[in-house]
Each structure stands twice: as C-alpha cells, then as structure tokens.
Amino acid sequence: MILLENVGFSYGKNEIFNNINLNIKKEEILCVIGPNGSGKSTLLDCILGLKNANNGDIYIDGKSIKKYKINELAKHIAYIPQKQTSSFPFKIIDMVVMGRAAYVNSFSGPNEEDLKIARNALNYVGLSGFENRFFTEISGGEAQLVMIARAITQDTKLILMDEPTSHLDFHNELMVLEVISKLVKSKKISVIMATHFPNHAYFFQNEGINTKVGILYEKRINYLGKPDEILIEENIKKAFKIKSKVLNHYEDNKKYNYIVPLLTEKRKL
Amino acid sequence: MKNKKIVRIIIYLLPIILVFISLFIGRYQISINSVLNILKAGITGNIDSVSDIEYSLIWDVRMPRTILAILVGGSLGISGAALQGLFRNPLVDSGILGVSSGAGFGAALAIIMFSGIFPIYLFSFAFSLVAVILSIRIGRINNSNSAILLVLGGVIISSIFSSLISFLKFIADPYNELPSIIFWLMGSLANASYREILISAIPMLLGISGLLAVRWKVNVLSMGEREAQTLGINIKVYRWIVIIFSTLATAGAVAVCGIISWIGLVIPHIGRMIVGNDNRYLMPVSIALGGFMLLIIDDFGRILTGGELPLNILTALIGGPFYIYLLKKTKEGAWR
C-alpha cells in the first residue's frame, strides 16, 4: 500500500529525521507517537506531498509520490487536520463535498453524484440530518466527524490524521476513535495517525485491528511494532523521559491494555 | 431549497430592473411614455417619431452609464468575493494587491503629463497591473509561497503608490490638474459612453468569466493551503488564476471610473448574508449586487445633486446603513 524507504527531512542544516522505513498494508493502522517537536507532523507532510523528503523515497502502490500529480495523489491519500479553522461558515454538506475536488473537472463544481457520495459519507459517520447546518455551530467532535466524512468522500485507500482528537473530551474522543475503527474494518482502508496518546494505539489493538505503533524520537523511528510489544514502560521512559505503567483488565475473556503516565523522571515516587 | 432559488433569481433581476428605472432618472425630465417610445425606436431603428435630444439622452448618455455602472460594480463585487475566499480573510477587498492605488497613481501621472481622457485609462490600467506584479514579487521573496506575504506585499505596494499619489498631488497645477486628480480618486461614472464600455468591458468580462469558472475551487482554496492541496487542488495554479482574473476585472473597472471603495469589501458580505458562503452562488450574486449597488449610488447622486456627485461620497453613506440593517435582520450565513 504505502512504503517509506530511508526517508529523511531537514530544514536547511537542521535535520528533523532520517532513515525512516515504514510499510503500511491494507486494513492496517499505524500510530506515530513521539515527543513534541519530534517531527510527527513533518513526517505526515512528507507522505502527503506537502513537503519533499530530502532523502529516500515514498511509494504508493509501487510508484514514487513524486510522480503523482496533485489531484492523482489526492485520490490515494486523504488528510484529516487537527482542527479545521475555516474563516467562513460553510454548510456541512458544502464542506464534505469538497472531498470530490480531485474528481471534479478543472472549471466546474460537484454534480448530483458527488453530492450523493457526500451525503452517504455523512450518514456513515452518523451525521445524517446535519447537511444544512453550519460548520461553525457544531461541536468539536462533530466537526472532526465531518472531516472524516470529507475524507471518506475523497474515496482513498489511505487516510492520514494529525492528532485528530487533540482537543476533544472523553466522549467525543471515543466517538471519533470508534468511527475510525469502523472505517478500517468495513471500508478496508489504512490509516496513519500522529497522536499524543499511546492509548489510541491500544484502543485499536483492543478493537482487533491490525495495529502498528512507531515511536519517533531523536530523529528516528526507534521502536516499531504491535502496541503491546512497543508501548512498554522502558520504551516510553526512553522516548518521553517519564515513568509509566502498563495496565490491563479482562472483560468477556478479552484482554484490554492501557498505559498511564505516572511521573517525570526527575521526580521520585 | 426552492425559496433560495427564488431569492437568487430576484437578486439577478434587480440590476436589470434598476437599469430600466435608471433611464428615467436625470436632470432632464423625460416622460414615461417618451422613454418607452425611445427604447422601442432604438430597437426597431425607426427613430423618426421621437425627439433627437431625448433619443440621444436615453441611448447615448443614460444607457451606457447604467451599463457601465453594472459592469464596474459587478467586477468589483466578484473580485472582492474571490479574493476574500482566496486569502481566507473577510476584510480583504478587490484592491488588496494594490490594484486601486496603482490605478490612482497611473491616472494622476497621466493627468499631469497629458491632456485628454484616453491616457488616463491607459496609465491607470497599466499601473494597476504594475502594482499587482510588484506585490507578487514581494510575496515571492525567500521563495516563500505564503498567502500572508502576498497580502503584505499588497499592503506595502499600496502605501508606496499612495505616497506617490500624494507627491503628484503636491506638484500638480492646483487650478486644473489637482481638482482632476482628486475628482478621479473619488470615482465617477460621468465619462461613461459606449467608448468607455468598449475599452473596459474586455478586461472586466474576461475577469468575471474567469472567476466564475473557478468559483467552486475558491471554496476549496478557502480551506487553507494544506487542505486544498491534499484535497487535490493545485493551489499555485488556482491562486494565479484567481489573482489574474480578479486583477483584470478590477483594473478594467477602476481604469474608466476611478477608485471606487467599499463595493469590493462589503458586497460579498451582503451576498453571504443572503445566499450563504458557497461561492458557486456567492460569486454570481456578488456581481448582481455589486452592479445593483453601484447603480443605486449613481442614481442617488444624480437625484440628490442634479449633477455629478463622486461615487465614493455615497458608497458608504448609502451602503453602510443598508449593511447595518441586514446585519440586524439576517441570521443565516452571518458571522457568529
């Protein structure tokens, strides 16, 4: 599906990361975690073609992303931002149908068919009846679902998300995660997600999704693998310089994993 | 949905109706019957039965003036809407990249250097393009591609040209040239004739059609550069399309009518209150509302003074209260 080979990026002489190797398959979620400023967003930008990797190459379906035109790439990768900050209060349906931009001719707008796809996407994320409401008057969680609906409308096999739940409360956070889980399972797409919450990776693994987690720090993805193999106390200690504890509980004979941060390294219990 | 369609149709009809009404307005009174006869005569070509003076007043003075008002107002309205979408900023107007101040400088220079009206059009059009090109050059410093730098470039170039205009005012002959410069800077349709329409309609219509063609893409551009590109829009290409066509439309308008403030800033807002933010409807509606508003203002000017009142005096005086009324009255699509 998507393959990163020795990808490196630097701003001038300031190297952000190098030698990033990743391979994301169908129906797989990759959670990229790492400290602030470790380059998670920059890595997403490289995959999206917004920034050009200085080293290495990124392949989608075996073809380097440099060889894709902008609208062709948009048919393969959709992007969900941390927060949409539109200056104009658009209607929800108008926002979602923008997902068809890559398919619409140069000098025209979306047609009935595009609108139908957009409406179906809204139904899929559970926002039927929201069509004519304004993007500025819905909650943060609903806004993120609208962004997911827009990505579905874009009809791609891969969706990139940049901290999609970073400003949401518990309920909204879970609501968004559940929709992502449903998306991967039923539409068989892949997701790359930058997140500050290691538990997101555990959440997807607990849901039975093929989940990988990569910890990006000190310019490398130093750990890569299944959440319960990677998100362990020693690794978290090295990456984030904190003490943490992995917990689990059983419900209906199923094991659920979590990790909780306890203390920064300097402090003692 | 049906209601909204009716509202839009009414908005599109407004300027057409107003053109007709405007033919009756002026210092020289012509009865309704005569106007209708003259219109008929003009269409059928049978002009024997009507007065020559009245015929020429309707067909050669009032008609071109109203048509020019619609074209100029429409150009400013749609350019404002397009640029506000592109720069994601509702405070942007059609002159943001220096078009207006460049045009003002060109006109002032032509007034000082030459006599006659044609050099004014030429210089003002040429310098409005020069101003935009300079703004773009500044926006490209450091190879950056950001829209903010482009706006900054426009602000810098605008203020440089404003200073140059002041300088030209300072050195101008205070009895002839200075009043001409000041009058031009306040905007006027007084020179309107078919010649003015022929000169300016080409850039204006070209600009308007170009902008209309990409109006849905402006929706996508207003999501911001990152999102627009990941949605599959080549932002560089579409940004140039929007800038080039809005510059053509605005430059064509200000070249023959002088600087007209307010229309390019506020008409898109009024449009948003009525039809919402979708540029597929907002941009055509901005043409109709811009034309309608400029023609109303010109009509008022002619009714109030019986002569020539510069447009900029009335744009905000009439448009301002109307805008406040709408702000109180409407909820949908307004700012929250």
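Note that this is a predicted model, so its numbers are computed, not measured.
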Going through the distances and angles, do B/Q229 and A/L48 end up as a side chain to side chain contact (heavy atoms under 4.5 Å, CB included)? CA-CA 9 Å; B/Q229 184 168 337; A/L48 286 165; over 6 Å; no
Donor-acceptor pair, A/Q154 side chain versus B/G232 backbone, under 3.5 Å? no
Atom CH2 of B/W216 and atom CG of A/D114: how far apart are they, to the nearest 0.5 Å? 7.0 Å
Taking the side chain as every heavy atom from C-beta outward, state whether B/K217 and A/V104 have any atom pair closer than 4.5 Å. yes
Distance check, rounded to the nearest 0.5 Å: A/L50 atom CG versus B/E227 atom CD? 10.5 Å
Could you check if a side-chain atom of B/N234 sits within less than 4.5 angstrom of a side-chain atom of A/K69, using non-hydrogen atoms only? no
Just give me the residue among A/M95, A/R100, A/R150, A/E72 that pairs up with chain B most often, heavy atom to heavy atom, under 4.5 Å. A/R150
Top contributor to chain B contacts, counting heavy-atom pairs under 4.5 Å, from A/P110, A/P81, A/A74: A/P110
Roughly how far apart are A/T136 OG1 and B/N277 CG, rounded to 0.5 Å? 8.0 Å
Is there a side-chain contact between A/F88 and B/Q84 in this structure, where contact means two heavy atoms from C-beta onward sitting under 4.5 Å apart? yes
For A/S108, which atoms come within 4.5 Å of any heavy atom of chain B: side chain, backbone, both, or neither? backbone
Output for pair (B/D278 CG, A/K91 NZ), nearest 0.5 Å, gives 8.0 Å
Please check if atom NZ in A/K116 has more than 12 non-hydrogen atoms from other residues, nucleotides or ligands closer than 6.0 Å. no
For A/E28, check salt bridge (Lys or Arg N to Asp or Glu O under 4.0 Å) against everything at least two apart and list the hits. A/K212
From B/L231 atom CG to A/Y103 atom OH, the distance as rounded to the nearest 0.5 Å: 11.0 Å
Main-chain N/O of B/M223 paired to A/Q84 side chain as donor or acceptor, under 3.5 Å: yes
If you count the non-hydrogen atoms of other residues, nucleotides and ligands that lie under 6.0 Å from CD1 in B/I148, is the total more than 12? no
Chain B heavy atoms under 4.5 Å from A/I77: which part of the residue, side chain, backbone, both or neither? backbone
Assert top hit (heavy-atom pairs under 4.5 Å, partner chain B, pool A/L160, A/L73, A/D45) equals A/D45
Identify each donor-acceptor pair in which a side-chain atom of residues 286-294 of chain B lies under 3.5 Å from a protein atom, sequence neighbours left out, and give them as a table.
from	atom 1	to	atom 2	distance (Å)
B/S286	OG	B/L282	O	2.8

Measure distances from B/R88 to the heavy atoms of chain A and classify the residue's part below 4.5 Å as side chain, backbone, both or neither. both
Rounded distance [0.5 Å steps], OG1 in B/T230 versus CD1 in A/I70: 10.5 Å
